[in-house]
Amino acid sequence: MVNSSRTIGFIGLGHMGGPMAANLVEAGHRVLGHDLVPGLLDAAAAGGVEPAGSSAQAAAAADVVITMLPAGRHVLALYREEGLPAAARPGTLFIDCSTIDVADARAAHEAAAAAGMRSLDAPVSGGVVGAEAGTLTFMAGGGEAEFAQAEPLLAVMGRKAVHCGGPGAGQAAKICNNMILGISMIAVSEAFVLGESLGLSHQALFDVASTASGQCWSLSVNCPVPGPVPGSPANRDYRPGFAAPLMAKDLGLAAGAARAAGVDAELGLRAAELYAAYAEGPGVEEDFSGIVRAIRDRSRSLRPLTAPEGGTA
Ligand code: NAD
């Protein structure tokens, strides 16, 4: 139970928002929830969330409004077209935890300010497991005062919250981090496939690279081949984990930002292309580390065909 219980409007009770809202209830806050999917409202109600008839209804009664929506267009539809901020009491803090484009995040801040509201962009990393366990990392953009006001709530839903700067800075940190992650997973996967073709065992490469300069999260925690890291998704046929379509989405945002900013992010742009293709194909329901299989398959098609038995190549 918290000392200062707040009333929170929580919009978007999906894979991430559902458990985040439940953790706020568990910590003693009153949570008014809304989602377009009635079944999700029922599930949230079972965890103590009070179902609201609409987003505006949830916002009208709230001290803080949290949104956890699929993409920027959903956030801007609520903030701008549907005028959600205007439904709240003046000075209400709006925290958007969705992963969206930096420009969209800034537009959401502007819409909130125009309605007399305070706002923060606060995307997360840590996935559904982190949302359930309350161990997310928040990357926040907005004013010092807004961050200070949000911190006690972020501490309920996560283990770490970093104030990254002004409006949009949280989203900027998120897409930069995930650009590193996507590129590094491809690098690790290519190295394993190259090692295989050179007769190197997965374990030998892991033992060297995980204690040498090739060490990174994609190798030592989310290792893309089965064996060396028992908890990695590769050991459960690449069930997520961090789903490939979400990686493709984040790399798409990073690529768009790089193009708009005029940054020569060659690997980031290429990683976005590779993940887009993988996520639309075999990776649609896989962990993002499953891209190693796509790289292995493409490599096979590059190798010269061996001579058919009794014939010449
Ligand atoms: P999700 O699709 O499971 O949940 C989003 C929910 O928002 C849905 O239930 C949808 O019905 C609801 N919604 C959409 N428009 C709405 C509206 N106008 N009013 C009310 N509800 C509305 O998505 P998720 O996996 O929970 O992800 C949410 C955000 O978190 C995304 O931006 C995603 O990129 C980001 N994220 C996800 C993960 C992950 O592992 N799932 C990890 C980090 C960040």
Side-chain angles (χ1 to χ4, degrees), residues 123-127 129-130 133 135-137 139 158-160 162 164 172-244 246-255 257-258 263-279 282-283 286-304:
V124 303
S125 85
V129 172
T135 56
L136 296 169
T137 294
M139 296 145 254
R159 196 159 42 193
K160 190 175 168 71
V162 180
C164 300
K174 167 85 184 172
I175 59 172
C176 289
N177 178 73
N178 281 15
M179 190 170 88
I180 298 172
L181 180 60
I183 293 171
S184 67
M185 182 54 81
I186 291 170
V188 169
S189 298
E190 289 182 354
F192 271 112
V193 174
L194 177 59
E196 287 164 10
S197 73
L198 299 175
L200 189 60
S201 75
H202 291 160
Q203 192 64 49
L205 177 55
F206 179 84
D207 289 346
V208 171
S210 64
T211 53
S213 43
Q215 196 279 331
C216 62
W217 191 90
S218 294
L219 175 73
S220 56
V221 178
N222 218 72
C223 186
V225 294
V229 179
S232 81
N235 296 286
R236 46 172 200 266
D237 204 25
Y238 299 95
R239 266 187 292 110
F242 184 43
L246 287 172
M247 174 50 88
K249 171 194 166 185
D250 293 357
L251 284 169
L253 292 175
V263 171
D264 179 25
E266 269 190 53
L267 294 186
L269 264 54
R270 185 71 187 122
E273 287 170 4
L274 290 172
Y275 266 106
Y278 169 59
E286 290 184 359
D287 184 76
F288 80 116
S289 59
I291 200 163
V292 70
R293 298 203 278 204
I295 292 168
R296 192 180 287 123
D297 288 348
R298 281 198 300 274
S299 303
R300 281 197 194 103
S301 69
L302 289 176
R303 289 185 199 128

Chi angles and distances behind the side chain to side chain contact (heavy atoms under 4.5 Å, CB included) call for C216, V188: CA-CA 9 Å; C216 62; V188 169; 3.7 Å; yes
With rounding to the nearest 0.5 Å, note down the distance linking [atom1] in [X] to [atom2] in [Y].
X	Y	atom1	atom2	result
S289	M247	OG	CE	10.0 Å
I175	L181	CD1	CG	13.5 Å
N177	T137	CG	OG1	9.0 Å
L251	L267	CG	CG	11.5 Å
M185	N178	CE	CG	11.5 Å

CA sep, side-chain torsions, deciding dist, call: R300, D297, side chain to side chain contact (heavy atoms under 4.5 Å, CB included): CA-CA 5 Å; R300 281 197 194 103; D297 288 348; 3.0 Å; yes
Neighbour count above 12 (heavy atom, 6.0 Å) for R236 CZ: yes
Enclosure of R298 CZ (heavy-atom neighbours >12, cutoff 6.0 Å): yes
Which atom of [X] lies closest to which atom of [Y], heavy atoms considered:
X	Y	value
A244	G283	CB-O, 3.4 Å
S197	R303	CB-NH2, 3.8 Å
E286	P240	C-CG, 3.9 Å
A204	S201	N-OG, 3.0 Å
S189	I295	CB-CD1, 3.6 Å

Qualifying residues under salt bridge (Lys or Arg N to Asp or Glu O under 4.0 Å), relative to E273, sequence neighbours excluded: R270
Set of salt bridge (Lys or Arg N to Asp or Glu O under 4.0 Å) partners for D264, sequence neighbours left out: none
Worked check of side chain to side chain contact (heavy atoms under 4.5 Å, CB included) between D250 and K174: CA-CA 8 Å; D250 293 357; K174 167 85 184 172; 3.6 Å; yes
Listing, residues 222-232 side-chain donor-acceptor contacts under 3.5 Å, not counting sequence neighbours, or none:
unit_1 : atom_1 : unit_2 : atom_2 : d
N222   : ND2    : D287   : OD2    : 3.1
S232   : OG     : C223   : O      : 2.9
S232   : OG     : V229   : O      : 3.2
S232   : OG     : N235   : ND2    : 3.3

Under 3.5 Å: donor-acceptor pair, side chain of Y278, backbone of A248: no
Residues F288, L246; criterion side chain to side chain contact (heavy atoms under 4.5 Å, CB included); working and verdict: CA-CA 8 Å; F288 80 116; L246 287 172; over 6 Å; no
Qualifying residues under side-chain contact (heavy atoms from CB on, under 4.5 Å), relative to I180, sequence neighbours excluded: none
Any side-chain donor near an acceptor of the partner, Q215 and S220, under 3.5 Å: yes
Of all pairs that satisfy salt bridge (charged side-chain N to carboxylate O under 4.0 Å, His left out), the ones with a partner from residues 195-210, not counting sequence neighbours: E196-R296
Sequence neighbours excluded, every pair satisfying ring pair (Phe, Tyr, Trp, His ring centres under 6.0 Å) that has a member inside residues 191-214: F192-H202
Sub-4.5 Å side-chain heavy-atom contact between I291 and Y238: no
